[in-house]
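Data first, discussion second: the structure below is written as structure tokens.
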Amino acid sequence: MSKDVTPLYVADISAFTKQLRRSLAGQDALPGHAAMMGLVAKAAGFQNHQHLRNTATKTVPALDELALKRALRVFDENGRMFRWPKWTKVQGLCLWPFWARMPAHQDLSEKEVNAVLKDGLAFDDHVLLRRSLIDHKLAERTIDGRIYRRIEQRPTPEALALMKRLKQL
């Protein structure tokens, strides 16, 4: 068998375990390793283990180390951004820690958003960040600009790595 790591994301653990239990109940004996991997893949909504492996390799992008390295350069030893990056890709990546500081599923006033942004900035341009959050589709606002809300989504692998490294500072 292959020793490659195959990531598995399960959106609903309850449905997954119910399906896996039904599959195991239909077995005469405890399944072997390969059969068990097939049952797990089917419970997760895949046709079989090979389908899971093929899908996983297509959906898990490699970590962009260059973008991550450039993003880390714009944060100081306290995890505060001290300058705005030049590359658009790095700009978007640097916005994720600010996205994470915004409360989930909550309407915020412009003043509240500014307070969140100013807390993580070592330079005086929170307006740039606020607009960039909208442009990079990490937050939305009403037409009149009174109400802001973070857009709930899964952070990219680079964003997760950046936030993890900033927490270590």
Side-chain angles (χ1 to χ4, degrees), residues 5-19 40-41 43-46 51-169:
V5 175
T6 305
L8 175 64
Y9 172 75
V10 178
D12 183 358
I13 193 75
S14 178
F16 172 79
T17 54
K18 285 179 184 177
Q19 178 61 40
V40 167
F46 296 93
H51 182 222
L52 168 62
R53 282 186 56 202
N54 289 339
T55 304
T57 57
K58 291 176 187 172
T59 58
V60 179
L63 195 63
D64 187 346
E65 290 290 337
L66 180 61
L68 182 59
K69 184 178 176 181
R70 289 183 177 192
L72 284 167
R73 288 182 192 161
V74 302
F75 290 92
D76 64 17
E77 63 278 352
N78 298 320
R80 293 172 44 114
M81 182 186 282
F82 64 88
R83 70 174 172 83
W84 185 240
K86 294 178 185 176
W87 286 17
T88 305
K89 183 176 184 175
V90 177
Q91 291 170 359
L93 181 55
C94 290
L95 292 170
W96 281 101
F98 295 97
W99 172 89
R101 291 178 183 181
M102 295 174 70
H105 308 291
Q106 186 176 333
D107 290 341
L108 301 169
S109 68
E110 184 176 304
K111 187 177 182 179
E112 292 169 321
V113 173
N114 290 343
V116 169
L117 298 178
K118 286 178 181 179
D119 187 45
L121 277 180
F123 66 97
D124 194 30
D125 200 353
H126 60 280
V127 176
L128 172 68
L129 262 68
R130 194 179 65 229
R131 289 179 182 151
S132 295
L133 282 167
I134 305 299
D135 292 342
H136 287 270
K137 308 236 183 295
L138 295 176
E140 59 189 0
R141 65 178 166 214
T142 57
I143 293 174
D144 61 4
R146 287 184 172 191
I147 305 294
Y148 288 78
R149 182 179 273 252
R150 139 181 154 166
I151 297 174
E152 299 306 316
Q153 55 193 298
R154 177 177 240 164
T156 64
E158 291 85 4
L160 291 171
L162 175 64
M163 290 186 282
K164 181 179 178 182
R165 292 188 190 171
L166 289 176
K167 279 185 181 180
Q168 294 171 350
L169 297 177

For the student: nearest non-hydrogen atoms of [X] and [Y], plus distance:
X	Y	answer
Phe98	Gly120	CZ-O, 3.5 Å
Pro97	Leu166	CG-CD1, 3.6 Å
Arg83	Met81	O-CG, 3.2 Å
Pro103	Gln106	CB-OE1, 3.3 Å
Ala67	Leu93	O-CD2, 3.6 Å
Lys118	Arg80	O-NH1, 4.2 Å

Any side-chain heavy atom of [X] sitting closer than 4.5 Å to one from [Y]?
X	Y	result
Lys167	Lys164	no
Leu129	Phe123	yes
Arg149	His105	yes
Met163	Pro155	yes
His136	Thr88	yes
Leu138	Trp96	yes
Tyr148	Arg130	yes
Leu169	Asn78	no

From [X] [atom1] over to [Y] [atom2], what is the distance, rounded to the nearest 0.5 angstrom?
X	Y	atom1	atom2	result
Asp107	Glu140	CG	CD	9.0 Å
Leu121	His126	CG	NE2	9.0 Å
Cys94	Trp84	SG	CH2	7.0 Å
Ile134	Ile151	CD1	CD1	7.0 Å

Under the criterion side chain to side chain contact (heavy atoms under 4.5 Å, CB included), which of Asp135, Leu133, Val90 is the partner of Leu95?
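Exactly one option meets the side chain to side chain contact (heavy atoms under 4.5 Å, CB included) with Leu95, and it is Leu133.
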Please check: side-chain N/O of Gln153 versus main-chain N/O of Lys137, any donor-acceptor pairing under 3.5 Å?
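Looks like yes, one N/O pair under 3.5 Å.
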